[in-house]
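Start at 1 with the first residue, then count along the sequence. As the structure lists them, so they are numbered: ligands from 1, and atoms in each ligand from 1.
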Amino acid sequence: MVRDKTQFVCSECGAVATRWLGRCPSCGAWNSLQETQPQPARSEGKNRLAASHYAGASSAVITPLAQIETQDVVRSASGIAELDRVLGGGVVEGSVVLIGGDPGIGKSTLLLQTLDRLQRQGLPTLYVSGEESGAQVALRARRLGLPDSQVPILTETQLERILTALDKQQPAVAVIDSIQTLFSDQLTAAPGSVSQVRECAAHLTRLAKSTGIAIVLVGHVTKEGTIAGPRVLEHMVDTVLYFEGDTHSSFRLVRAIKNRFGAVNEIGVFAMTEAGLKGVSNPSAIFLSQHRDAVAGSCVLVTLEGTRPLLVEIQALVDAGGPSPRRLSVGLERDRLAMLLAVLHRHAGVATYDQDVFINAVGGVRINEPAADLAILLAIYSSLRNQPLPKGLLVFGEVGLAGEVRPAARGQERLREAAKLGFHTAVIPRANAPKSPIAGLTVHSIERVEQAMDVVRTID
Ligand SMILES: Nc1ncnc2c1ncn2[C@@H]1O[C@H](COP(=O)(O)OP(=O)(O)OP(=O)(O)O)[C@@H](O)[C@H]1O
Ligand SMILES: [Mg+2]
């Protein structure tokens, strides 16, 4: 029988195979199958199901929505404004937050700072460290200028002991650093395996909901940048945050990917300093390079992340390629790049099929919104011609396959932010053209990609 044999579980989609395969037959992910020992069938659960079936499941209570009593969610603001903003105003009682990010990006630092703030406000906290010793965490606290921190530390990796400690201590907020180091005695699989991660997260989630303890889980990320372990982890929790940024630059972004208690795609911006992460309250200009003279292949985009506009420099390098030219992108979608190059060729007559094309969003920021399209196209065009775009130019707009330039949400806000930072020329979609002039800003509104090329050639 299959159940007695070793199984292989896909870490991306949770599909089960009976033998190892290089590629998951269900979701197509490569090298994602991990060996696990099947767990013995839970006879208790089975019996419960059977018993309730025969007993007519009389205990289930069905209530109309209107008769269910509700209360507003109780939030605890940490006082770290950039993190509170991403969480929708603070940590919600009984919620589970998953925070993922590259190694060394600052997850433990931020969470220790947060717990310390909460503890100082009189809220009980608990920091469960499965990766570092108490001494290491204490050293970090000293470095962060918190030598008198009263945050209680538990160095433990066994789930059952952690659950008991949480139940006994009843902290308002607990951090588990990290979910991949935990293991449950009930399973034979190794810590970090799909079944362990899933089981541990499920138990912790249940505890959070039943006791009101807010739990923050730290999650490792895979090489591709997604949270390691089963995909279901992201469904199980209330909020998923990603820590982004280039470890070579000091700026870090915390982005909400999912939030049952607040807006998604809100970002918090931090600078990593010797004394830990400091919030950047006015981040609009941090992703701009400081070129003294205009350079070819650079175009400034105004992107709207959550509620705040950010100015980001998009860089492109177009260079003679070999027989199979490369298309590489950092911080932007590669598939979208291929599509934009096709649009550029078909509608503006600019061919790049024999060229390598590299694009990059400066500062390690990741841009997902289509309003970046026009800036990418103009950066590529500028690099190909080896002609800088006009100084003080800013661009936004989505590009369609038919070569049309579509409007971006909240265009006026983007324009005003750019004007505030000294940009004086804008190339934007016609539908975003401001009704009344914006002081200091000349706006060129366009409808098609080829017009964008014409406009930048004619502006000085
Ligand atoms: N003395 C120091 N001065 C300035 N920055 C430091 C110092 N020591 C550590 N850091 C910063 O803190 C970062 C480590 O942060 P932290 O341990 O919180 O990361 P993490 O995301 O928890 O990593 P991991 O995935 O390994 O647990 C380092 O990458 C570095 O940028
Ligand atoms: Mg850490």
Q) If you draw the axis of the six-membered ring of Phe396, does the NZ or CZ of Arg414 fall within 45° of it and under 6.0 Å from the ring centre? A)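 Yes; both conditions hold, so Arg414 lies above the ring face of Phe396.
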What protein heavy atom lies closest to [atom]? Include the residue and the distance to one decimal.
atom: atom 6 (C) of ligand 1; value: Arg143 NH1, 3.3 Å
atom: atom 22 (O) of ligand 1; value: Ser108 OG, 2.6 Å
atom: atom 17 (O) of ligand 1; value: Arg140 NH2, 2.8 Å
atom: atom 14 (C) of ligand 1; value: Gly104 O, 3.7 Å
atom: atom 20 (P) of ligand 1; value: Lys107 N, 3.5 Å
atom: atom 27 (O) of ligand 1; value: Glu131 OE1, 3.5 Å
atom: atom 12 (O) of ligand 1; value: Met272 CE, 3.6 Å
atom: atom 4 (C) of ligand 1; value: Glu274 CA, 3.6 Å

Q | Check against salt bridge (charged side-chain N to carboxylate O under 4.0 Å, His left out), Glu413 and Arg410 | A | CA-CA 6 Å; Glu413 229 172 287; Arg410 302 183 14 226; 3.1 Å; yes
Q: Only one of Gln136, Gln180, His220 passes side-chain hydrogen bond (donor to acceptor under 3.5 Å, both in side chains) with Glu131; say which it is.
A: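 Of Gln136, Gln180, His220, side-chain hydrogen bond (donor to acceptor under 3.5 Å, both in side chains) with Glu131 is met by His220 alone.
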Q: Starting at CD1 of Ile359, measure out to CG of Leu328 and round the result to the nearest 0.5 Å.
A: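 Reported to 0.5 Å precision, the distance equals 9.5 Å.
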(Q) Under 3.5 Å between any N/O of Gly106 and any N/O of ligand 1: does that happen in this structure? (A)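 Right, the criterion is met.
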Q. Is the shortest N/O to N/O distance between Glu132 and ligand 1 below 3.5 Å?
A.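 Min N/O separation from ligand 1 is not below 3.5 Å for Glu132.
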Q) Are side-chain N/O atoms of Ser298 and Glu313 paired as donor and acceptor at under 3.5 Å? A)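 Yes - a donor-acceptor pair under 3.5 Å links their side chains.
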Q.
Looking at every heavy atom in both Tyr127 and Arg140, which two are closest together, and how far apart are they?
A.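 Scanning both residues completely, I find the closest heavy atoms to be OH-NH1, 4.4 Å.
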Q.
Under 2.8 Å from the Mg ion (ligand 2) - does any N, O or S atom of Ser108 fall there?
A.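 Short answer: yes, at least one N, O or S atom is under the cut-off.
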Q: Please step through salt bridge (charged side-chain N to carboxylate O under 4.0 Å, His left out) for the pair Asp319 and Arg326, ending with a clear verdict.
A: CA-CA 10 Å; Asp319 199 18; Arg326 284 178 295 171; over 6 Å; no
Q | Under-4.0 Å salt bridge between Arg327 and Glu333 | A |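 A salt bridge is absent here (no side-chain N lies under 4.0 Å from a carboxylate O).
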Q: Using heavy-atom distances, let me know which of Thr109, Ile105, Asp177 sits nearest atom 15 (O) of ligand 1.
A: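 Closest candidate by heavy-atom distance is Thr109.
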